[in-house]
S.K.: 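So that we are looking at the same thing, I have put the structure below in structure tokens.
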There are 2 protein chains.
Amino acid sequence: MRQNICDAALAIFRRHGFAAVSMRAVAQELGVSTMSTYNYFASKDELFLEVRSRLFRQLSDYLSARAVSEDAEERLEQVCRAYISYGLTHGPEYELLFNAWQFDDYREVVGRFGPERLRDARPWDVMVDCVSGYLTSTASDADPARTAHLVWAQMHGLLALHHAHKLVFGVNVQQLLQDSIPGIFRLVGSDAAR
Amino acid sequence: MRQNICDAALAIFRRHGFAAVSMRAVAQELGVSTMSTYNYFASKDELFLEVRSRLFRQLSDYLSARAVSEDAEERLEQVCRAYISYGLTHGPEYELLFNAWQFDDYREVVGRFGPERLRDARPWDVMVDCVSGYLTSTASDADPARTAHLVWAQMHGLLALHHAHKLVFGVNVQQLLQDSIPGIFRLVGSDAAR
């Protein structure tokens with residue numbers, strides 16, 4: 001039932017956005033009473049945290065299933081292509097995970113649950129692992145966490161600008177995403193953050 | 001009066017977000033009748049477009065005033081530092097300009113006014129000019145527009161993740177922003193997008 005409630009919340013979010021998700025709307029979607037959903041989640045925020053946590057697990061599995069090469073360079077390319085591909089094909093989910101500005105009450109949610117509960121590090125661990133493996137393979141002494149942030153920012157920047165309809169200067173998003181892979185390898189190159 | 005109406009709209013947006021901005025709220029803020037604001041703007045969307053256009057001009061002036069070196073490398077660094085600094089110090093304005101996801105009716109607005117009216121290219125022109133000058137100075141044959149997109153994505157990615165409270169993995173945003181300048185020079189380096 002927790003799974004069903006999360007699925008229903010995500011379906012409503014996809015169709016109508018965060019504001020439309022309420023315990024009542026979720027109950028209606030499932031054809032059950034609002035009270036019964038409260039047996040599983042104390043509030044919309046609790047429900048939202050669980051949906052978010054499930055999506056992080058989904059993204060983590062998505063990356064792990066695709067970043068499989070034993071060659072460190074190939075694996076870094078695989079994880080980057082997988083992240084970009086997830087961001088393109090799972091627009092609403094990506095938005096929910098990484099564009100928190102949309103939530104009027106985000107600061108309040110952070111305050112109530114604390115940053116710890118809002119941090120789900122699994123996809124990040126996969127990313128750092130791939131970056132770290134690549135740096136080791138190239139005998140680079142760059143800092144893996146700092147370098148991984150630059151890689152993440154590069155991919156997130158393109159995805160966020162794309163989803164916000166900001167890529168309007170005559171360069172195709174597909175072209176930019178192609179450029180971004182060699183760009184990432186320049187970013188993590190011999191002079192990377194240390 | 002148009003200026004005053006735009007200032008009032010921006011003040012409300014800063015305090016309470018986009019949803020709180022209405023012709024009525026703007027009139028109240030200014031102590032005038034709602035009808036009189038309609039003499040200047042036909043709708044909230046028209047008003048929003050003008051605010052947005054003024055902010056693009058502000059950002060453009062901000063970049064131009066800071067990217068002044070006659071040395072192409074120094075000028076590229078100046079424009080990047082200026083963009084990042086604007087993004088950090090003008091959070092709500094940056095959000096309004098570049099994070100359109102927040103607007104429930106954004107697609108509808110785009111549909112009504114057309115992408116042309118939503119495209120205000122001046123800050124972009126400054127950015128491309130700096131990137132292009134640098135590429136020329138290094139005798140690179142990389143494409144200026146495509147390379148400038150990668151630079152923009154790198155900066156936007158960090159700013160967006162920062163504003164969305166996603167930089168929670170133990171690396172300070174100031175450190176990342178410092179890393180991002182040499183990162184950008186690697187991005188636009190000898191193998192840049194062509």
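Here is the naming used below: chain letters follow the sequence lines, and residue numbers restart at 1 for every chain.
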S.K.: Among the clusters formed by ILVMFWY side chains lying less than 4.5 Å apart, do B:Val68 and B:Tyr86 turn up in the same one?
M.R.: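 No, B:Val68 does not connect to B:Tyr86 through the hydrophobic network.
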
S.K.: Is B:Asp143 close to A:Gln175 at the side-chain level, that is, under 4.5 Å between some pair of heavy atoms?
M.R.: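 Side-chain contact under 4.5 Å: no.
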
S.K.: Has B:Arg24 got more than 12 heavy atoms of other residues, nucleotides or ligands less than 6.0 Å from its CZ?
M.R.: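 For B:Arg24, atom CZ is not crowded (no more than 12 foreign heavy atoms under 6.0 Å).
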
S.K.: Tell me whether the rings of A:Trp152 and B:Phe169 are parallel (<30°), tilted (30 to 60°) or perpendicular (>60°).
M.R.: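 Geometry flag for B:Phe169 against A:Trp152: tilted rings.
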
S.K.: Please tell me if the side chains of A:Leu187 and B:Gln154 come closer than 4.5 Å, counting only heavy atoms from C-beta onward.
M.R.: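 Result yes, sub-4.5 Å side-chain heavy-atom pair found.
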
S.K.: Nearest 0.5 Å, please: how far is CZ in B:Arg146 from CG in A:Asn172?
M.R.: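 Those atoms lie 9.5 Å apart.
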
S.K.: Between A:Val171 and B:Ala145, what is the shortest heavy-atom contact and its length?
M.R.: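 Taking A:Val171 first and B:Ala145 second, the nearest heavy atoms are CG2-CB, 4.1 Å.
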
S.K.: If you tally heavy-atom pairs under 4.5 Å against chain B, which of A:Leu176, A:Val151, A:Val128, A:Leu167 wins?
M.R.: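 Heavy-atom pair counts peak at A:Leu176.
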
S.K.: Is the CD atom of A:Glu70 crowded by more than 12 outside heavy atoms at less than 6.0 Å?
M.R.: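 Atom CD in A:Glu70 is not crowded, with 12 or fewer foreign heavy atoms closer than 6.0 Å.
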
S.K.: Minimum heavy-atom separation for A:Ala160 and B:His156, please, with both atom names.
M.R.: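 Closest approach of A:Ala160 to B:His156: CB-NE2, 3.8 Å.
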
S.K.: If you compare all heavy atoms of B:Leu158 against all heavy atoms of A:Leu150, which two are closest, and at what distance to 0.1 Å?
M.R.: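 Smallest interatomic distance, heavy atoms only, reads CD1-CD2, 4.4 Å.
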
